[in-house]
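Below you'll find the structure, written out as structure tokens, and then a few comments.
Quick note: residue numbers are just sequence positions, from 1. Ligands are counted one by one from 1 in listed order, and the atoms in each one are counted from 1 as well.
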Amino acid sequence: MKFSQVAFPLLGVFASCVGALSDASIVSGAYIVELNGEDDASSLYDELRANAIEVQHRKNLNYKLFKGASFRVSNVTESEAEAIKNQIFGKSQVKNIWPVRKIQFPQPTPISTGGNSTSAAAAANAFLKRQTNENDTFTPHVMTQVNKLRAEGITGKGIKIGVVDTGVDYTHPALGGCFGPGCAISYGYDLTGDDYVSDTDEPIPDPDPLDTCQGHGTHVTGIIMANSKELDFTGAAPDVTLGMYKVSSCAGYTTNDILIQAFNQAFEEGSDVISCSVGDDSGWATDVWAEAASRIADAGVAVVVALGNSGSLGMWAAASPASGSSVVAVGSVDNTVLPRILAGASYSVDGNDPAAFGWYNGYPSLIDAEVTFSLWLMPNGTASAGACEPLSDDTPDLSDSLVLLKLSLACPADQQAANIVAKGGQYLMFYPELQHDFSNIYIYTDGIKGAGILSPAQGLAFVDLLSTGENITVTLKPPNESDPFVENLSNGQNAGYTAASSSWGPTWEVEIKPQFTAPGGMILSTYPMNMGGYAVLPGTSMATPLVAAVFALVGQARGTLDAKAIREVISATAKPLAWNDGTAAFDLPAPVAQQGAGMVQAYDAAHVVGIPSVSSFSFNDSDHFIASRSFSIKNTGTEEISYELGHTKSTTVYTFVPDVAPLTQARFPSPVADDWAELTFAADTVTIPAGSTAEISFTVAPPSGLNSTLLPVYSGYLTLNGTNGETLSLPYLGVLGSLHDTPVLQGGDNSGVYLSSTVTHFNIPVAANITFSIPRLGSNSTATDTVWPKLLIIPTVGTKFLRVDVVPLSKTSLPTTKWLGYETVGQLPGSPRTYVARTGGTYTWGGWLADGTVVDEGGYVLVTSALKILGDEEKETDWDVVETVPFFLKYV
Ligand SMILES: *[C@@H]1O[C@H](CO)[C@@H](O)[C@H](O)[C@H]1NC(C)=O
Ligand SMILES: *[C@@H]1O[C@H](CO)[C@@H](O)[C@H](O)[C@H]1NC(C)=O
Ligand SMILES: *[C@@H]1O[C@H](CO)[C@@H](O)[C@H](O)[C@H]1NC(C)=O
Ligand SMILES: *[C@@H]1O[C@H](CO)[C@@H](O)[C@H](O)[C@H]1NC(C)=O
Ligand SMILES: *[C@@H]1O[C@H](CO)[C@@H](O)[C@H](O)[C@H]1NC(C)=O
Ligand SMILES: *[C@@H]1O[C@H](CO)[C@@H](O)[C@H](O)[C@H]1NC(C)=O
Ligand SMILES: *[C@@H]1O[C@H](CO)[C@@H](O)[C@H](O)[C@H]1NC(C)=O
Ligand SMILES: *[C@@H]1O[C@H](CO)[C@@H](O)[C@H](O)[C@H]1NC(C)=O
Ligand SMILES: *[C@@H]1O[C@H](CO)[C@@H](O)[C@H](O)[C@H]1NC(C)=O
């Protein structure tokens with residue numbers, strides 16, 4: 001599995017779980033309540049206890065922007081807890097209630113890390129003078145104009161960024177080496193302690209956010225403010241004051257009540273920007289953590305959050321809390337290069353000044369002490385297939401040379417080695433033809449004392465020098481004594497384009513997500529010292545801190561820290577990137593659902609003088625479409641500006657795969673449609689005197705030739721080309737068709753909701769009237785030939801409410817209630833579920849209900865109902881209902 005797919009936790013999806021319609025991401029029986037008024041939760045607890053409900057307090061959430069608490073009802077089954085939830089919601093003190101969710105930070109699996117030597121070199125270079133205005137050639141900075149802004153001396157000085165992550169190894173010399181007042185990482189907190197691994201553990205907070213075991217937060221921190229002498233790069237805003245709110249242990253486990261605490265603490269302790277690189281795939285903007293984050297942003301502090309690495313799922317997969325209305329959701333662009341951390345060495349051409357290069361040691365280890373070799377090239381130049389054939393008679397004695405040879409695709413490396421040994425050779429330096437093969441080399445041929453490998457580019461560079469007759473000597477040290485060396489390799493055909501793994505919006509409320517993108521695909525940054533000191537990691541996790549740093553830089557340059565103001569200038573100046581579907585790049589920009597406003601351009605954002613009053617337009621779906629729009633633009637400059645108004649259409653994509661029944665969500669790359677919206681401006685140009693504001697009106701005609709059943713999502717950019725040389729662009733997005741009328745559940749053949757069994761391969765549907773044999777709950781049955789009913793639910797789109805009812809086919813001893821015309825004995829355990837993503841899942845049923853009741857033997861159907869998007873719970877026609885085939889239940 002590619003790292004990009006596991007880098008971001010895919011929680012919040014249904015999990016397969018025997019016995020319950022259970023959501024593995026929920027801590028059972030645990031809730032977050034928001035309270036009315038100024039009271040704490042004690043009166044609520046008293047009332048619950050008076051009703052014989054045992055309450056374990058979890059967290060005080062007593063903040064300026066969120067007053068509530070979290071707790072767990074401790075002596076009830078999961079199913080009883082559901083009933084209690086409704087009881088709590090009915091209490092006068094309670095404004096709202098949400099389940100406590102588990103969130104998992106991924107254990108990073110770096111593409112490349114430093115070795116022990118890197119840490120040693122880092123330690124040796126500790127506390128060198130910080131230099132922050134040097135010529136910045138770090139590619140993520142060049143891609144985002146951070147280098148240009150840094151050249152003006154903008155370093156984020158005086159601005160506080162609060163990072164919510166796994167902690168940080170602040171002992172790293174590139175991160176300042178210390179924690180607390182006066183240090184570069186000067187504030188923050190550990191909300192969990194190191195041993196917190198599951199919901200059965202108590203978090204044990206302490207004031208020290210040190211992480212020496214997880215790594216994610218140390219990498220994120222370095223992207224913001226590292227100053228690495230030994231690898232010659234800095235974070236984007238090296239002079240910011242950083243706060244680290246550590247929300248997980250080494251295991252990366254945390255919960256949304258802890259995250260809400262961390263966000264609010266970061267806010268109340270004066271952070272100007274909050275950066276967070278975790279979330280859970282939800283698709284909905286309305287969720288407690290997203291809402292808490294959004295309130296902080298509405299209070300003026302930028303909240304910058306990763307949108308997720310579920311790009312493969314296609315559209316409508318925004319993670320929470322990036323999905324929050326006012327939260328800045330960040331997508332990822334693939335770096336223009338793929339950095340690799342190698343062992344550093346030096347070479348000299350004809351005795352001239354040495355230059356550095358990087359290599360990997362192989363087996364046998366090439367050296368155990370510093371040694372200088374002269375490099376000898378196989379006589380056939382670059383075209384040589386290597387030493388697959390015996391070497392010619394005039395080959396000199398090779399015993400003192402380091403033999404440079406291409407790793408052959410035509411014969412085993414050991415055959416090459418044997419032919420070198422025949423001429424006395426003992427030391428080999430391979431280079432592969434393809435970057436893909438640039439990995440460890442193992443040689444077992446007798447007589448070979450050492451082998452190493454170079455990148456294809458470095459190998460060819462040496463070949464070129466040697467074949468023009470130059471003499472090269474190389475000096476190698478044992479890797480654990482070498483300085484680290486970063487070589488930038490090719491990052492593939494997608495380099496510089498929006499990452500295929502970056503999650504897509506919009507939300508089910510048709511809010512634009514992501515807001516912008518930044519380089520996140522293969523980023524070099526700091527790592528805990530004991531884990532190599534440096535690492536290269538991919539994902540929106542890495543793009544997010546860069547955007548947070550850009551907020552700090554732009555804020556410093558413009559002299560405002562107002563989240564909305566900075567967001568508007570970054571959005572207006574971001575650079576839309578061309579669509580790349582994973583195999584090729586196209587002329588049109590990528591869909592706004594994938595890239596938002598485009599890749600951030602820090603310098604332009606810091607200097608732009610025309611400030612639009614909005615950062616994007618959502619035209620919503622056809623039901624809510626309003627054709628006439630307007631916004632204003634303020635000229636904050638000293639000269640009059642005329643803007644020429646224009647429109648750049650971007651790629652239109654379908655939500656559902658065309659010509660496939662039933663409706664099936666397209667995965668990446670979404671199918672493209674050749675029709676676009678037309679924008680008509682009230683005037684072609686607008687002239688704005690210095691210091692004035694002008695209103696700009698336009699009308700939108702959505703594309704007309706597309707099949708709206710497939711929910712095409714059209715998008716593009718309004719452009720304003722100013723006479724002052726500035727080009728502003730504002731993204732828009734709209735959905736053709738009705739989200740409300742789109743089925744959530746589809747029945748029938750090949751449907752998204754059907755019954756299978758625990759012994760059926762590939763979840764094939766079962767025939768009607770089969771009998772399932774299962775043990776009765778609480779019995780001591782030892783039956784081994786059990787077959788359980790398994791319900792599959794793959795919703796077409798997300799839903800705010802999903803429930804599954806058990807409906808008997810004939811008379812039962814249990815009381816029934818009416819639900820949408822069915823006589824139900826109750827719901828499956830874990831039902832109902834709220835804010836359900838569209839990813840779907842399977843549920844194995846064990847014969848008992850949400851309230852713990854065991855049903856009689858007999859015939860049943862399972863009735864799944866889901867509320868349509870924007871549907872009204874009270875209206876029967878707003879529910880989609882699918883019943884399974886009838887089946888029989890028998891206890892064995
Ligand atoms: C929960 O605990 C309380 C107090 O200990 C007790 O009265 C009540 O019956 C228990 N409820 C359940 C469902 O076990
Ligand atoms: C790094 O150091 C640790 C502990 O000293 C050791 O176990 C490990 O093998 C070393 N790794 C390398 C690559 O030298
Ligand atoms: C910065 O480095 C780049 C790339 O090496 C070079 O093209 C540019 O001229 C340098 N700029 C300055 C101001 O040194
Ligand atoms: C040089 O390389 C070419 C192409 O691999 C091969 O055909 C030829 O035999 C080689 N010549 C010598 C002298 O090794
Ligand atoms: C390389 O070394 C050889 C042998 O020492 C010498 O004959 C030759 O002139 C050198 N080549 C150059 C370009 O210095
Ligand atoms: C505005 O400038 C951009 C970039 O220079 C260009 O692609 C676009 O065509 C211009 N639009 C108008 C309306 O002139
Ligand atoms: C639109 O797409 C739906 C779903 O695939 C299909 O049933 C319908 O026939 C299509 N309509 C047209 C006019 O092609
Ligand atoms: C299933 O059984 C019911 C009643 O037992 C019967 O009416 C129905 O026709 C059966 N369905 C199938 C597909 O055999
Ligand atoms: C199951 O076994 C336990 C102990 O072996 C016994 O106490 C209990 O009564 C049994 N339950 C049933 C339903 O047979």
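- Less than 4.0 angstrom separates atom 14 (O) of ligand 8 from at least one non-hydrogen atom of the protein.
- At a distance under 4.0 Å, no protein heavy atom can be found next to atom 4 (C) of ligand 8.
- Heavy-atom contacts of N769 reach the following atoms of ligand 8: 1 (C), 2 (O), 3 (C), 8 (C), 10 (C), 11 (N), 12 (C), 14 (O) (cutoff under 4.0 Å).
- Nearest-heavy-atom check against atom 2 (O) of ligand 7 across N707, T709, V657 picks out N707.
- The side chain to side chain contact (heavy atoms under 4.5 Å, CB included) test with S756 is passed by exactly one of T758, T760, V759: T760.
- Near A768, the atoms of ligand 8 lying under 4.0 angstrom from a non-hydrogen atom of the residue are 13 (C).
- With no hydrogens or angles considered, a side-chain donor-acceptor pair links T583 and D581 at under 3.5 Å.
- Under the 3.5 Å distance criterion, with hydrogens and angles disregarded, a donor-acceptor pair is assigned to the side chains of T540 and N309.
- Aromatic ring centroids of F617 and F698 lie under 6.0 Å apart.
- Within the 4.0 angstrom cut-off, atom 9 (O) of ligand 8 has no protein heavy-atom neighbours.
- In this structure, R803 forms a cation-pi arrangement with W819, its terminal cationic atom sitting closer than 6.0 Å to the ring centre and no more than 45° off the ring axis.
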